[in-house]
Enquirer: 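The structure that follows is given in the form of structure tokens.
Quick note on labels: first sequence line is chain A, next is B, and so on, each numbered from 1.
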Protein chains: 2
Amino acid sequence: MPETTRRADRLPGNRYGNRPTMKDVAARAGVGLKTVSRVVNGEPGVTPDTERRVQEAIEALGFRRNDSARVLRKGRTASIGLVLEDLADPFYGPLSRAVEEVARAHGALLINGSSAEDPEREQELALALCARRVDGLVVIPAGDDHRYLEPEIRAGVATVFVDRPAGRIDADVVLSDNYGGARDGVAHLIAHGHRRIGFIGDMPRIHTAAERLRGYRAAMEDAGIAVEERWMSLGATNPERVRRATEEMLSGADPVTAIFAGNNRVTVTVIRILAEQSRPVALVGFDDIELADLLQPGVTVVAQDAAALGRTAAERLFRQLDGTLLAPERIELPTRLITRGSGELPPAV
Amino acid sequence: MPETTRRADRLPGNRYGNRPTMKDVAARAGVGLKTVSRVVNGEPGVTPDTERRVQEAIEALGFRRNDSARVLRKGRTASIGLVLEDLADPFYGPLSRAVEEVARAHGALLINGSSAEDPEREQELALALCARRVDGLVVIPAGDDHRYLEPEIRAGVATVFVDRPAGRIDADVVLSDNYGGARDGVAHLIAHGHRRIGFIGDMPRIHTAAERLRGYRAAMEDAGIAVEERWMSLGATNPERVRRATEEMLSGADPVTAIFAGNNRVTVTVIRILAEQSRPVALVGFDDIELADLLQPGVTVVAQDAAALGRTAAERLFRQLDGTLLAPERIELPTRLITRGSGELPPAV
DNA sequence: CGCGCATCTGACAACGTTGTCCAGGCTCTA
DNA sequence: TAGAGCCTGGACAACGTTGTCAGATGCGCG
């Protein structure tokens, strides 16, 4: 008797019985299958009395529609995927939340995962989401080649990249003005008299890191300052590496008098190190950090609006899904310099 | 010719053609449907030559298996749901990430959503996840009645509650020792000479808030201190309410000399207010906060391990799914008092 | 009282996959 | 060379839902 063994037999973890289906509900209510479907979906054409009977049966059986089957039939899942770098990073929390809010407003659920800055994991995750047939994808790229998404996009998966641009494909992307923000931040230090300014950033293959470095170079060049190699350090943002890099810049004959920190993680570590120094060193950090205003001195930052990034990206995604056929676009959001003290310190020898 | 209109006609947003199915791949490779399935799933019984032809067809067509159909057939989705309070709250980031890591280790995807502390939204979200047929559910409760999950649990949805216990149902729950942590924190203040100690917490219907208040009362009672009504304030944790409450306690004839802050959001606001005060006020906060060590004075906190909460809950969930039938259990993780200065200030008049 | 129409209901196929089972071709042995 | 047995491949049903379409039911009107 094949296929009459039902799920409970096949699935080890299914501790109790089976889920009732519409068929079960129909049998109990003494109506047809389609009538149950109609009631469940609020379609018209069901008499109040029939509807009541069906509702009772649903209650009694604890029926819940199986969205997998629904998805299979309808072709849309009402869910979108979010591939980000690290859910635990305070920068991505608000971004993720903003995407979720927009999704919710469109009746969609959010599936997400962290790539941990690993291109392979990013791809694996994005494709798993596509296999799940999400309607759309918001991706914070870890890798620099996204051609693997081409078949998906062609098949209709709406796709928007955030925070960093897509690699080797033409797609919507929402970014902060990393170049301009960094340039302004460094110019701010120069305006306060600094000439020897250090830059500590993330790995150079990460777009934001490269852009911010470019901004640093531009500001220095604008001021006619020749940048020395040893003032720049790009690499992993773990505290150990950042500490080494920072201490190196601060030692020697001509130590830097100011530091531009390339992201929130770097900033936090640098703050710790500067607190240990005897002479004051100016600091401007990219990304705002909580409590930055309460430190002594307050931390001057170039702030991005993470929530706006997420919101903009998600809204763009749903506009794609609405069918308004849009040419891929690059949207750049401005950053904001927030002066709190650390960036206004004069150079000290 | 009904049903021959294919998805592209039915779905407005599907910009391009249709996705290829196994049938299409089979046709192109000149093999049977099941053979494609075998190749896709790495099942044995396919000659290398046939496999190669199938792989080529998959490549050429950009085929990706439709997991919705797979789920429908197999009964398992390899995805779990996470209902939390606010993804943007720095406390839930690491928790969420930890759940994700465990899910990943078990080959499952994570679908999550924020309840925004709204019981109705929590229910809506949890049930939507169940309709999506997640294999399991990790819930940070916003409401206090979870009987609505009973049919789901009976139907085999593994369920674990974190951070706060479930209401009116018997289920696994993983908690921090809120009572003990708060008691220790308040006792710490008492040990440093304080008698008039304020407590500012979240809404009393939230379990953690109630437990922490209970810990506060216990510590005070242990020390033989009669608690005055005006020392305690529970409610929303928005800065405005917290500010009013704090300023009230700090004014009048017998102001409090120390404050116990009920969670990270409260702590941050209280720090701001205390920075404005002329006389020093001691502070111990529940939850650790970033940069707490760099403030003047450093912020003494009762720290919970958010990642451990998430990890423990998720592991428990997968143990349920493994079929090891477990009686619902309540797991309590210890907290840790981290002294940094603010909690060791002596009382000042 | 009968007919037509509107309203409500249900049978059936299809979504794309996987499990079962059988057919056909091959190899190996007697 | 014939038969047994193994291996590969494919036909078919089923998962639970929704769209289509036709049949049933009841009502009003002539």
Enquirer: What is the separation between atom CG on A:L61 and atom P on D:dG16, rounded to the nearest whole Å?
Expert: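 Rounded to the whole Å, the gap is 14 Å.
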Enquirer: How many Å lie between NZ on B:K23 and C1' on D:dC12, as a whole number?
Expert: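 It is 13 Å, rounded to the nearest whole Å.
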Enquirer: Report, as yes or no, whether the 6.0 Å neighbourhood of atom CD on A:E329 holds more than 12 heavy atoms from other residues, nucleotides or ligands.
Expert: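 It does: A:E329 CD has more than 12 such atoms within range.
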Enquirer: Test your reading of the model: is there a side-chain donor-acceptor pair from A:R164 to the backbone of A:P141, 3.5 Å cut-off?
Expert: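 It does hold such a pair.
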Enquirer: Quick one: B:R132 CZ to D:dG16 P, roughly how many Å, whole number?
Expert: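 One finds 18 Å between P of D:dG16 and CZ of B:R132, rounded.
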Enquirer: Partners of B:E122 by salt bridge (charged side-chain N to carboxylate O under 4.0 Å, His left out), sequence neighbours excluded?
Expert: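 For B:E122 there are no salt bridge (charged side-chain N to carboxylate O under 4.0 Å, His left out) partners, ignoring immediate neighbours.
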Enquirer: Give the rounded distance in Å between these two atoms: CE of A:M22 and P of D:dG19.
Expert: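 After rounding, the gap between these two atoms is 10 Å.
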Enquirer: Describe the nucleic acid contact of A:R65 in one word from base, sugar-phosphate, nothing, applying a heavy-atom distance below 4.0 Å.
Expert: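 The answer is sugar-phosphate, as A:R65 gets under 4.0 Å only of primed atoms, P, OP1 or OP2.
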Enquirer: Can you list, by residue number, the residues of residues 41-57 of chain B that have a non-hydrogen atom closer than 4.0 angstrom to DNA chain D?
Expert: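 B:G45, B:V46, B:T47, B:T50, in order of number.
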Enquirer: With a 3.5 Å cut-off and no angle check, do the side chains of B:N41 and B:R65 form a donor-acceptor pair?
Expert: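 Yes, B:R65 and B:N41 have a side-chain donor paired with an acceptor closer than 3.5 Å.
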Enquirer: Can you tell me how far P of D:dT17 sits from CG of A:D67, to the nearest Å?
Expert: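 The distance from CG of A:D67 to P of D:dT17 comes to 9 Å, rounded to the nearest Å.
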Enquirer: Expressed in angstrom and rounded to an integer, what is the separation of A:L72 atom CG from C:dT18 atom C1'?
Expert: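 A:L72 atom CG is separated from C:dT18 atom C1' by 13 Å.
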Enquirer: Ignoring hydrogens and angles, state whether a donor on the side chain of A:D86 or A:S114 is under 3.5 Å from an acceptor on the partner side chain.
Expert: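 No, A:S114 and A:D86 have no side-chain donor paired with an acceptor closer than 3.5 Å.
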Enquirer: Parallel, tilted or perpendicular: which describes the rings of B:F318 and B:H106, with under 30° parallel and over 60° perpendicular?
Expert: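 B:F318 and B:H106: parallel rings.
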Enquirer: Do the side chains of A:R311 and A:E101 get close enough for a salt bridge, i.e. N-O under 4.0 angstrom?
Expert: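 Between A:E101 and A:R311 there is no salt bridge, as every charged N stays at least 4.0 Å from the carboxylate O atoms.
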Enquirer: Are the charged groups of A:E315 and A:R319 less than 4.0 angstrom apart, N to O?
Expert: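 So A:E315 does not pair with A:R319 through a salt bridge.
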Enquirer: Test for a donor-acceptor pair under 3.5 Å between the base of C:dT18 and the side chain of B:R73, counting only N and O atoms.
Expert: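 A donor-acceptor contact between them is present.
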Enquirer: Just how far, in rounded Å, is P of D:dT17 from CZ of A:R19?
Expert: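 Checked: the CZ to P distance equals 10 Å.
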Enquirer: Do B:L61 and B:V25 have side chains that get closer than 4.5 Å, going by heavy atoms?
Expert: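 Result yes, sub-4.5 Å side-chain heavy-atom pair found.
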Enquirer: Is a donor-acceptor contact shorter than 3.5 angstrom present between the side chain of B:R38 and the base of D:dG9?
Expert: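 Indeed, a donor on one side and an acceptor on the other fall under 3.5 Å apart.
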Enquirer: Scan residues 25-37 of chain B against DNA chain C and write down, sorted by residue number, each residue with any heavy atom closer than 4.0 Å; if none is found, say none.
Expert: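 Those residues whose heavy atoms fall under 4.0 Å from DNA chain C, taken from residues 25-37 of chain B in numerical order, are B:L33, B:K34, B:S37.
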Enquirer: Could you tell me the separation between the CZ atom of B:R76 and the C1' atom of D:dC15, rounded to a whole number of Å?
Expert: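 Distance, rounded to whole Å: 15 Å.
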